[in-house]
Amino acid sequence: MDPLSEVLSLLKLEAYISGGFPLQAGIGLEFRRHPGIKCYVVIDGNCWVSVTGRQEAIFLKSGDCVFLPSGAPFCLATDPDSPRQPFIPPDKEAGSALTMQAPQDGAFILGGRFTFSSAHADILLHSLPPLIPIAEGIGQQVMRNAMECLREELRLPQPGSDLIAQQLVQIMLVQALRVLLQQEGDERVGWMFALSDPHLKAALNYMHQDPAFPWTLRELANRVGMSRTVFTKQFKQKVGTTPMKYLSRWRMLLAGERLRHSRESITQISLSAGYDSDSAFGRAFKKEWGCSPREHRQQRPGKNTISSSNAGK
């Protein structure tokens, strides 16, 4: 798999449709801090979205959507200066049909969320801005098709509609990340943004495709056709850490998942992570995870994670 697909697979992405709701004119709905990524699609009407700590509100029209990865509180409103009130989820047992029509001068919003079964969501979330708006028509045909299919599944539910809707929302998230990668902004830092650079993308592909290979800085630089100095400098500027530190962390993420979810021996996992001895693997693992491989395997899934000092590197 390519690095983006592999990371999303490693993080065990799960998508949910939380439902649709009307946004009345002159009202702002406040949403509390949330885990994972939230997604909202404007099915009908117009609205503004603002995130706490971000100065500018973003205007959304019918067909636009927005992704909110930071977990910070946010507000949806028909006017940025509208009085605000806490959002109360609609009563799903009220039996009202999902008309998906906006009230007068308001909007109808469809909400979804993404969670991660893996404890390492920071590897993705720390690379993303607090707000990712996607205008209708941006992202070519994939985003538009997914939106239209999602509307149809919710308007006329059929057997299996819930599962199809979840898959469509996942497609929309991946397409949103693709659009984000295509946008200009050399100042953005994070492993994901390195995918927009052909040389750095190639280096990440090499490391992800064969993490057990005895990679050296010289080998990686030669593979992508760069000098070691230039390669190291550009990689650190774009990713936020050195190539070898990134490789070590990726190996430990993979090893952590195998320890939890496979019956492979520690020696087998050590070799798959590129280490010739259990002791060297154990030292590297403890440096990243704060515990030994054996202790990590015995702990419940989700109980620990890589220390915050390493998150996002």
Side-chain angles (χ1 to χ4, degrees), residues 15-115 125 128-139 143-144 146-157 161-162 165-166 168-169 172-173 175-176 179-180:
Y16 303 90
I17 299 295
S18 55
F21 57 90
L23 179 61
Q24 303 292 337
I27 295 295
L29 297 178
E30 290 187 320
F31 295 77
R32 294 178 295 180
R33 179 170 291 278
H34 58 90
I37 300 174
K38 282 200 170 184
C39 167
Y40 292 92
V41 181
V42 182
I43 299 296
D44 190 25
N46 306 308
C47 73
W48 295 79
V49 57
S50 58
V51 177
T52 300
R54 179 188 174 103
Q55 293 183 347
E56 296 183 0
I58 301 295
F59 179 70
L60 302 173
K61 64 182 184 302
S62 179
D64 293 351
C65 65
V66 63
F67 293 83
L68 302 151
S70 71
F74 62 96
C75 177
L76 295 172
T78 55
D79 186 287
D81 298 322
S82 297
R84 302 182 176 187
Q85 63 185 40
F87 172 72
I88 300 176
D91 185 359
K92 294 184 178 180
E93 298 181 358
S96 59
L98 188 61
T99 63
M100 293 189 282
Q101 292 181 346
Q104 185 175 2
D105 299 324
F108 190 90
I109 312 294
L110 179 65
R113 64 187 176 93
F114 303 90
T115 59
L125 299 182
L128 302 177
L131 190 153
I132 307 174
I134 305 294
E136 185 181 29
I138 295 179
M143 181 71 81
R144 292 198 296 273
M147 282 187 180
E148 289 301 322
C149 290
L150 182 59
R151 289 172 180 166
E152 189 67 15
E153 288 295 331
L154 295 173
R155 188 177 69 86
L156 297 171
S161 284
D162 287 346
Q166 291 174 20
L168 289 169
V169 175
M172 291 170 61
L173 174 62
Q175 188 63 17
V179 171
L180 184 63

For Q166, what residues pass the side chain to side chain donor-acceptor pair (under 3.5 Å) criterion, not counting sequence neighbours?
none
With sequence neighbours excluded, tell me which residues meet side chain to side chain donor-acceptor pair (under 3.5 Å) with Q24.
none
Atom pairs and distances, donor-acceptor, side-chain atoms in residues 40-49, under 3.5 Å, two or more places apart:
residue, atom, partner, partner atom, Å
D44, OD2, A102, N, 2.9

Kindly write out the residues that satisfy side-chain contact (heavy atoms from CB on, under 4.5 Å) with R84, not counting sequence neighbours, or none if the list is empty.
E30, S50, C75
Atom pair CG (L29) and CD1 (I109), whose distance is rounded to the nearest 0.5 Å
9.0 Å
So how far is it from L76 CG to L68 CG, rounded to the nearest 0.5 Å?
7.5 Å
With heavy-atom distances below 4.5 Å as the criterion, would you say the side chains of I132 and P69 are in contact?
yes
Close side-chain approach of F74 and H34, heavy atoms under 4.5 Å:
yes
State which residues pass side-chain contact (heavy atoms from CB on, under 4.5 Å) with D79; sequence neighbours excluded, sorted by chain then number.
D81, S82
Check: D105 and T78 side chains under 4.5 Å, non-hydrogen atoms:
no
On a heavy-atom basis, which atom in P83 and which in G26 lie closest, and how many Å separate them?
CD-O, 3.4 Å
Minimum heavy-atom separation for F114 and C39, please, with both atom names.
CE1-CB, 3.7 Å
Non-neighbouring partners of F67 that pass ring-ring contact (aromatic ring centres under 6.0 Å, His included), sequence neighbours left out:
none
Under 4.5 Å between any side-chain heavy atoms of M172 and L150, yes or no?
yes
To the nearest 0.5 Å, what is the distance between CD1 on I27 and CZ on F87?
13.5 Å
Going by side-chain contact (heavy atoms from CB on, under 4.5 Å), name the residues that satisfy it together with R33, two or more places apart in sequence or in a different chain.
A72, P73
Measure across I58 and P133 and return the closest heavy-atom pair with its distance rounded to 0.1 Å.
CG2-CB, 3.9 Å
Under the side chain to side chain donor-acceptor pair (under 3.5 Å) rule, collect the residues that match up with T115, sequence neighbours excluded.
none
